[in-house]
> 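Dumping the structure here so I can ask a few things about it.
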Amino acid sequence: MARRLAPLLFLLLLFPGLSEAELTDSRRDLIRSLFPSATTIEEKLSDVPVYPVYQLQELLGYAYESTDLSRLQGFAGKPIRMMIGLDTQGRFTGVEVLHHHEPVFLHGLGEEPLFEFVDQYEGRSLREQIVVQSSYAGKQGKTSDGDVVYFDGVSKATVSVLIINDTVLSSALKVARQKLEAFAQTTPTRARPDFFEPLGWQALIDRGFIGHARISADDVEQQLGRPLSDYPVNMEPTNGAAFSELFFAYMNSPMVGRNLLGNEGYELFMSRLGSNDKVLLVASHGVHPHVGGDFTPGSSPDRIGLTQNNLSVEMRDLNWLDQNLALQTEGLPQFDAVNLFRVGGNAGFNPGAEASLKLHVELARNHLVSDSASFKLPVQFSGDLFETVEITETPESSRQPVWMGLWQERWWQIALLVTSLIVLTVFFARQKTLSRHPELVRRFRWGFLLFTVFFIGFYAQGQLSVVNIYTLLLALWDGFTLDVFLLDPVLFILWTYTFVTLFVWGRGLFCGWLCPFGALQEMAAWLGQKLRFRQIRVPERWHQRLILIKYPILLGLVGTAFFSLTLAEQLAEVEPFKTSITLVFWRYWPFVAYAVGLLMIGMFIHKFYCRYLCPLGAGLAVLGRFRLFSWLDRIDRCGSPCQHCKNECGINAIRKDGQIDYDECIQCLECVVILRDETQCVDSIVRGKQQLRQQKQIQILATDASA
């Protein structure tokens with residue numbers, strides 16, 4: 001569909017004013033592509049910004065522009081504009097991308113993967129829980145019980161497609177709740193904060209504070225249409241036990257949470273929750289518990305789903321039950337599986353209203369054929385637990401921000417990155433002591449450069465870019481929000497660390513240690529030396545002129561961004577980062593030739609790109625001038641007469657007078673090692689000779705005196 005609408009989309013992009021106008025002919029054609037049987041498309045409504053679509057007198061659904069209902073910013077700091085069709089049953093008739101600034105699609109992977117991703121919404125329903133896979137390795141398609149749909153994500157563009165998914169779902173829910181009767185919200189409730197009395201497990205069940213459902217073997221066999229003994233895996237309960245027995249409870253309620261976790265446990269539990277978080281306990285025993293043995297903690301369950309008000313409610317395991325937080329009430333039975341699920345997502349969750357848990361059973365007859373059954377379990381807790389909320393929260397105010405889910409999913413990457421930054425900080429803070437061990441410094445440096453290239457760069461996609469600089473400036477200009485910068489935890493942590501360390505060590509800590517492409521250039525330079533390529537040293541007079549080139553490049557990019565962000569993103573291809581690090585050289589050949597060419601030049605001229613062309617380095621150098629310390633020691637003989645450090649500095653950041661040019665220095669610490677090495681530092685050699693001469697004179701005087 002996206003290819004057929006290319007001319008229309010081109011017009012909308014060429015004349016952006018059309019997208020802000022009312023129902024133009026081009027907009028009618030676009031909406032008709034979402035509703036092919038439409039005969040009438042009405043003007044945008046005043047109460048909800050949607051276009052009603054009819055076939056004769058029958059309402060087919062509504063079309064709307066996503067930015068009229070959701071202003072969630074994309075990865076580039078600007079919302080992704082889409083035209084979305086929603087029929088009267090809450091099904092998507094299609095999604096068309098009108099305009100976006102996502103760099104990875106515009107100037108990297110191309111827009112085809114983006115169009116293929118949004119095409120997956122056609123025919124999907126708000127009654128389903130849509131889960132975006134971060135790679136193609138996970139599950140795909142629709143589960144057999146119909147509650148969860150797995151979408152193929154886009155490799156290298158995980159953040160962008162998650163933003164699109166959140167935008168599509170949150171905006172569609174706003175339309176459904178206000179325009180579709182089947183999705184109208186019930187009166188919102190919350191747990192009564194002062195309602196508590198000590199109760200044991202059975203008393204909590206008897207009074208309706210904990211829900212209970214039992215599924216027998218007969219129930220399962222009736223739905224499957226065959227006895228459990230027909231299946232290779234033994235699933236027959238023994239001694240009249242249940243096939244699956246489930247218990248569920250709303251843990252935010254003091255009556256439930258305090259009784260199940262104890263006073264201290266409940267206080268700890270509540271302290272971990274966000275202000276709008278809602279948590280459902282699900283526990284089970286039997287031959288088929290609610291999660292299988294292959295369930296991944298912290299993820300969404302496959303066997304069980306939650307629905308309310310015709311919407312599939314997101315469930316995500318918190319993985320909090322441990323030694324510090326455990327069930328401990330009197331009469332607690334033994335369970336095969338216990339989980340605390342954060343519930344809600346875009347659909348939200350009303351704890352005092354009716355809901356349903358659906359347990360899915362799938363049994364394999366052989367490696368090709370499986371039978372399945374689903375059981376709908378009513379969820380309705382005692383009304384004594386809840387009170388009515390006077391003001392209805394909007395879905396956006398009650399759901400978890402997109403960035404929080406991204407941080408949770410990438411927790412181990414965050415932990416490893418933070419640990420590495422702590423190690424690097426300690427190393428730099430103790431550089432004067434550690435530099436007395438030259439081999440240790442060199443091994444640590446090369447080890448860290450390899451970590452930067454392969455983990456920070458290729459794996460975690462932590463390559464900072466000048467694009468991030470003017471994204472920040474545009475955000476400050478248009479109205480700053482931190483959420484857009486939190487969407488990529490690795491980039492956020494690196495930017496925060498780089499910004500802080502600029503005022504301590506200058507630009508060199510990032511440029512020399514944390515820039516993946518900078519590390520690639522170091523490796524290219526090393527390879528060039530090993531291959532005995534002639535190393536070209538740029539004459540001083542030319543070097544001093546060439547290092548200034550990167551500053552007008554930076555000014556040009558930033559200035560262009562305020563005029564045209566799209567043009568600025570295209571000009572930012574002066575950075576080879578996207579080609580080399582983000583796309584790992586898998587791109588149209590001119591971009592690859594440019595990136596590889598820079599690395600090849602670096603085999604002859606040390607870090608050519610960093611020194612003369614990098615706009616990001618220019619921006620960091622400007623801020624680095626406000627550093628508080630000059631860590632690299634200089635002594636009297638540095639520069640006069642000693643030029644050893646200058647001659648050894650590959651990036652030529654040491655002046656003839658021996659002083660360090662911190663605007664160019666990459667903090668490789670090679671000069672510090674030389675200064676501490678008594679066999680290399682001229683000052684140490686001279687002082688050593690002077691001491692030796694003095695010792696000889698003393699010996700001569702002592703000999704004369706004894707004679």
Side-chain angles (χ1 to χ4, degrees), residues 72-77 102-104 134 156-160 162-163 272 274 298 400-429 444-445 447-476 480-520 575 577-578 580-582 614 616-617 619-620 623-624 626-627 666-667:
L72 182 65
Q73 292 181 329
F75 192 62
E102 302 305 284
V104 71
S134 59
K156 307 295 184 182
T158 301
V159 173
S160 294
L162 287 175
I163 292 168
R272 292 182 180 181
Q400 178 179 277
V402 177
W403 66 264
M404 290 184 66
L406 291 169
W407 282 63
Q408 291 166 358
E409 289 179 3
R410 301 180 69 179
W411 67 268
W412 73 268
Q413 296 180 34
I414 295 169
L416 182 55
L417 177 62
V418 170
T419 301
S420 68
L421 295 180
I422 292 173
V423 171
L424 184 62
T425 303
V426 172
F427 180 85
F428 260 72
F444 178 80
R445 175 161 171 73
F448 205 93
L449 289 178
L450 289 170
F451 174 80
T452 294
V453 170
F454 291 102
F455 175 75
I456 295 179
F458 292 146
Y459 186 82
Q461 295 290 289
Q463 174 69 67
L464 304 190
S465 167
V466 69
V467 175
N468 304 129
I469 293 179
Y470 52 72
T471 297
L472 173 61
L473 295 176
L474 288 172
L476 293 172
F480 180 78
T481 173
L482 189 61
D483 285 5
V484 66
F485 300 99
L486 290 168
L487 289 170
D488 192 311
V490 171
L491 288 182
F492 180 80
I493 292 169
L494 282 172
W495 265 119
T496 302
Y497 182 81
T498 299
F499 182 77
V500 171
T501 57
L502 280 174
F503 301 101
V504 182
W505 288 289
R507 67 170 276 201
L509 187 59
F510 170 77
C511 293
W513 296 78
L514 294 170
C515 177
F517 189 76
L520 274 182
E575 292 182 328
F577 305 158
K578 188 185 302 176
S580 59
I581 304 301
T582 304
C614 183
L616 176 62
L620 297 180
L623 290 176
F626 298 99
R627 73 186 185 281
I666 61 167
Q667 299 278 351

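Quantities reported herein were computed from a predicted structural model and do not represent experimental measurements.
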> Enter the distance from Ile456:CD1 to Leu421:CG here, rounded to the nearest 0.5 Å.
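Separation between the atoms: 6.5 Å.
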> Does the side chain of Leu502 reach to within under 4.5 Å of the side chain of Arg507, using non-hydrogen atoms?
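They are in contact (side-chain heavy atoms under 4.5 Å apart), so the answer is yes.
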> With the side chain counted from C-beta on, respond yes when Phe458 and Val453 share a heavy-atom pair under 4.5 Å apart, and no when they do not.
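They are in side-chain contact.
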> For the residue pair Phe428 and Trp505, categorise the inter-ring angle as parallel (less than 30°), tilted (30 to 60°) or perpendicular (more than 60°).
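Rings of Phe428 and Trp505: perpendicular, as their planes differ by over 60°.
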> What is the minimum heavy-atom distance between Gly617 and Cys511, and which atoms define it?
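Result for this residue pair: CA-SG, 4.4 Å.
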> Hey, what do you get for CG (Leu464) to CD1 (Ile581), rounding to the nearest 0.5 Å?
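Taking CG in Leu464 and CD1 in Ile581, the distance rounds to 11.5 Å.
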> Leu450: what forms a side-chain contact (heavy atoms from CB on, under 4.5 Å) with it, not counting sequence neighbours?
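By the side-chain contact (heavy atoms from CB on, under 4.5 Å) rule, Leu450 matches Phe454, Met523.
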> Are side-chain heavy atoms of Leu509 and Thr498 found at a separation under 4.5 Å?
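A side-chain contact is absent here, since even the closest heavy-atom pair is not under 4.5 Å.
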> Could you state the interatomic distance from CG (Leu417) to CZ (Phe492), rounded to the nearest 0.5 Å?
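It comes to 12.5 Å.
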> Considering residues at least two apart in sequence or located in another chain, which fulfil the side chain to side chain donor-acceptor pair (under 3.5 Å) criterion with Trp495?
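For Trp495 the side chain to side chain donor-acceptor pair (under 3.5 Å) partners, ignoring immediate neighbours, are Asn468.
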> Taking atom CZ as the centre, does Phe503 end up with more than 12 heavy-atom neighbours from other residues, nucleotides or ligands that are less than 6.0 angstrom away?
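Counting neighbours around CZ of Phe503, more than 12 heavy atoms of other residues, nucleotides or ligands fall under 6.0 Å, so yes.
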> Residues in side chain to side chain donor-acceptor pair (under 3.5 Å) with Ser465, at least two apart?
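Side chain to side chain donor-acceptor pair (under 3.5 Å) check on Ser465 returns Glu575.
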> Which atoms form the tightest heavy-atom contact between Gln463 and Cys515, and what is the distance?
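Nearest pair, atom of Gln463 first, then Cys515: NE2-SG, 3.5 Å.
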> Can you list everything that forms a side chain to side chain donor-acceptor pair (under 3.5 Å) with Thr425? Sequence neighbours excluded, please.
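Listed in chain order: Tyr497.
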> Mind checking what makes side-chain contact (heavy atoms from CB on, under 4.5 Å) contact with Val500, not counting sequence neighbours?
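Val500 satisfies side-chain contact (heavy atoms from CB on, under 4.5 Å) with no residue once adjacent residues are dropped.
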> Considering non-hydrogen atoms only, spot the tightest contact between Arg410 and Asp488 and give its length.
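Closest pair (atom of Arg410, atom of Asp488, distance): NH1-OD1, 3.4 Å.
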> Applying side chain to side chain donor-acceptor pair (under 3.5 Å), can you list everything that pairs with Arg445, at least two apart in sequence or on another chain?
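With sequence neighbours excluded, Arg445 shows a side chain to side chain donor-acceptor pair (under 3.5 Å) to Glu522, given in chain and number order.
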> I'd like to check the ring pair (Phe, Tyr, Trp, His ring centres under 6.0 Å) partners of Phe510; sequence neighbours left out, ordered by chain and number.
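Residues passing ring pair (Phe, Tyr, Trp, His ring centres under 6.0 Å) with Phe510: none at all.
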> How many angstroms lie between atom OG1 of Thr496 and atom CG of Leu491, to the nearest 0.5 angstrom?
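Between Thr496 OG1 and Leu491 CG, I get 10.5 Å after rounding to 0.5 Å.
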> Which residues pass the side-chain contact (heavy atoms from CB on, under 4.5 Å) test with Phe444, not counting sequence neighbours?
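For Phe444 the side-chain contact (heavy atoms from CB on, under 4.5 Å) partners, ignoring immediate neighbours, are Val423, Leu424, Phe427, Phe448, Trp513.
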> Under a 4.5 Å cut-off applied to non-hydrogen side-chain atoms, are Gln413 and Val490 in contact?
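Answer yes - side chains close enough.
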> Return the minimal non-hydrogen interatomic distance between Leu494 and Gly462, and the atom names on each side.
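Distance-wise, the nearest heavy atoms are CD1-O, 3.1 Å.
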